[in-house]
Number of protein chains: 2
Amino acid sequence: MERITLNQAMENHLRAIHEALETNEWATTSECARRLGISSASVTAMSKKLSRLKLVKYVPYHGVQLTKLGEKSALEIVRHHRLLELYLSEALGIPWDRVHDEAEKLEHVLSEELEERISKSLGDPTQDPHGAPIPARDGTIDHVEYRALSSVEPGETVTLLRVDDRVPEFLRYLGSMNLYPGTVMKVITVEPLGGLLALRVCDKEIVLGSQAAGMIRVTAAAKAEQRQ
Amino acid sequence: MERITLNQAMENHLRAIHEALETNEWATTSECARRLGISSASVTAMSKKLSRLKLVKYVPYHGVQLTKLGEKSALEIVRHHRLLELYLSEALGIPWDRVHDEAEKLEHVLSEELEERISKSLGDPTQDPHGAPIPARDGTIDHVEYRALSSVEPGETVTLLRVDDRVPEFLRYLGSMNLYPGTVMKVITVEPLGGLLALRVCDKEIVLGSQAAGMIRVTAAAKAEQRQ
DNA sequence: TAATATATTTAGATATGTCTAATTATTTAA
DNA sequence: TTAAATAATTAGACATATCTAAATATATTA
Ligand SMILES: [Mn+2]
Ligand SMILES: [Mn+2]
Ligand SMILES: [Mn+2]
Ligand SMILES: [Mn+2]
């Protein structure tokens, strides 16, 4: 598996593709465009380029999938990104709603030596501040089964495992209610039409909209071990 | 003094100009080209651009000087660069010969918030690992008078104040002899032709070539306070 | 001062990643 | 199954920073 030199644009696209593939079989052009904040035409151009370099399988009008080589390359960036998020949060005290944007810039200029020292100084962690798994040095990554909180039935008790890290206001809102990865919560009621969710967390009642609940991933708490 | 958005190329040029102006009245095209590792033609193009933006005074065939605005902008990058060098060295243990190249990449993606937290965590330092002054938040910077070690007369005792940070092999060599900013040294002899320099440092004798001595800046030790 | 060497600029080209508008393909709804 | 809506691609353009080669200016030497 040959070594390929990636530039910033390629790295951004690869990470976007990787993250799109966490929930879908194909990374569609428009999904990548949305994640990257660029036009679909630009994504198509990059899909062709990455395909030429054997980093993705590109099927016109369907989208892309990562090849083995592309997966490996993407995981290197993802590792950079998530290690940085944790380092910024733990070592420098940057609030969890701002680490994503910082990491997005730093991930491209992190040398392997610096990556290694950051990882060591954090004790080779396996989770970023939002509950996403940090790929290991060797390119392996935990594969956790999640459910969206919005799909949980009333009466169930679940553990918060992971939250979407891209919307600062959302993260600040969660933080204000002390909803972090590891938090155990019981779903009390689900509004039939709007999907409004009432939760009990440590004897306090919290109400979440369906959009917020869709950005929160949990697992069944019965078998779910406490984490963090 | 209006605020200007700089991109990476502009930042690199401004820092190169600033550093060239530490020893010369004009930053010449070829000096900037050498520092940046690009062609003179490219430097000319950027000089025009920076001139149009009122960041430099550009006199064709002579070079550039920083305007007030350009000086302020350059000092922001220099602050990023030197703070990062110190942080990488102190907080992450990266050897002093490798921090320059790392900082060169990181300096462009350091947010003001991150800069501030790094500075705080280091106790708002005023010197980088190579003895260069770190500009303060407000854009002020220490102005120290240096002499090149190569211009010191035999018999004089001087204190090492600052070394060129761009050549890793040179820095490793200095490190192997324990020559760091703050080290006091006595010049024993100077070879008349080659400029070979014999020094006494802590009762050990060290011989330096003229090129190395030219990259080391010192001050007269009689009135020079011990530093670091 | 004139000739030569060196430094700088100009002209023209290239690589890259992005855009908009127009076209084409796919999916959804009637 | 056709028509309409949505998604993706193509074509063509643009901004940017770099390059090389040729032309021109400045500095140095004879
Ligand atoms: Mn993130
Ligand atoms: Mn990024
Ligand atoms: Mn440096
Ligand atoms: Mn740089």
Side-chain angles (χ1 to χ4, degrees), chain A residues 4-18 20-21 23-66 70 73-74 77 104-105 107-109, chain B residues 4-18 20-21 23-66 70 73-74 77 104-105 107-109:
Chain A
I4 282 189
T5 306
L6 304 170
N7 62 21
Q8 176 164 343
M10 293 157 72
E11 291 184 347
N12 279 335
H13 281 258
L14 283 174
R15 190 164 61 79
I17 292 165
H18 176 90
L21 292 175
T23 47
N24 292 97
E25 200 189 342
W26 290 91
T28 64
T29 300
S30 47
E31 173 63 17
C32 291
R34 186 157 356 93
R35 285 177 181 268
L36 292 163
I38 63 177
S39 73
S40 289
S42 303
V43 172
T44 298
M46 183 56 85
S47 295
K48 288 174 173 174
K49 177 174 184 173
L50 296 178
S51 175
R52 192 158 23 80
L53 293 167
K54 305 257 185 270
L55 290 160
V56 303
K57 176 165 94 179
Y58 168 49
V59 178
Y61 295 101
H62 284 263
V64 292
Q65 288 177 327
L66 292 167
S73 305
I77 315 304
E104 193 135 271
K105 297 180 298 175
E107 62 190 3
H108 310 290
V109 293
Chain B
I4 282 190
T5 305
L6 306 170
N7 61 23
Q8 176 166 341
M10 292 157 71
E11 291 184 347
N12 279 334
H13 280 258
L14 283 174
R15 189 164 61 80
I17 292 165
H18 176 89
L21 292 175
T23 46
N24 292 98
E25 200 188 342
W26 290 92
T28 64
T29 300
S30 47
E31 173 62 18
C32 291
R34 186 156 359 94
R35 286 176 180 270
L36 293 163
I38 63 178
S39 72
S40 289
S42 303
V43 171
T44 298
M46 184 57 86
S47 294
K48 288 174 173 174
K49 178 174 183 173
L50 297 178
S51 174
R52 193 159 22 79
L53 293 168
K54 303 258 184 270
L55 290 159
V56 303
K57 177 166 92 178
Y58 167 50
V59 178
Y61 295 100
H62 284 263
V64 293
Q65 288 178 327
L66 292 167
S73 305
I77 315 304
E104 193 134 90
K105 296 179 299 174
E107 63 192 3
H108 310 289
V109 293

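Numbers restart at 1 for each chain; the letters A, B, ... are given by sequence-line order, proteins then strands. Hydrogens, waters and symmetry mates are skipped; everything else that's a heavy atom, side chains included, is used.
- Atom CD1 in B:Ile38 sits roughly 20 Å away from atom P in C:dT14 (whole-Å rounding).
- The distance from atom NZ of B:Lys48 to atom C1' of C:dT8 is 10 Å, rounded to the nearest whole Å.
- When rounded to the nearest whole Å, the span between CG of A:Asn7 and C1' of D:dT16 equals 14 Å.
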Watson-Crick and G-U pairing of DNA chain C, under 3.5 Å, as dot-bracket with | and [ ]
||||||||||||||||||||||||||||||
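- Taking only side-chain nitrogens and oxygens, B:Ser42 never comes nearer than 4.0 Å to OP1 or OP2 of D:dT18.
- C:dT16 atom P lies 10 Å from atom CE of A:Met10, rounded to whole Å.
- Listed by chain and number, the residues in a side chain to side chain donor-acceptor pair (under 3.5 Å) with B:His108 are B:Glu11, B:Asn12 (sequence neighbours excluded).
- Residues satisfying the side-chain contact (heavy atoms from CB on, under 4.5 Å) criterion with A:Lys49, sequence neighbours excluded, are A:Asn7, A:Met10, A:Met46, A:Arg52, A:Leu53.
- As a whole-Å value, the separation of B:Met46 CE from D:dA15 C1' is 13 Å.
- In this structure, NE2 of A:His13 is placed 14 Å from P of C:dT16, rounded to the nearest angstrom.
- Nucleic acid contact for B:Thr29: sugar-phosphate only, since backbone atoms but no base atoms lie under 4.0 Å from a heavy atom of the residue.
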For a quick check, with a 4.0 angstrom heavy-atom cut-off, what is the B/S/- contact string for nucleotides 21-29 of chain D, read 5' to 3'?
----SS---
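- The residue B:Ser39 sits close to a base: some heavy atom pair falls under 4.0 Å.
- Legend: salt bridge (charged side-chain N to carboxylate O under 4.0 Å, His left out) pairs involving residues 56-66 of chain B, not counting sequence neighbours: none detected.
- Partners of A:Ser42 under the side chain to side chain donor-acceptor pair (under 3.5 Å) rule, at least two apart in sequence or in another chain, are A:Ser39.
- Regarding B:Leu36, its CG atom lies at a distance of 16 Å from the C1' atom of D:dT16, rounded to whole Å.
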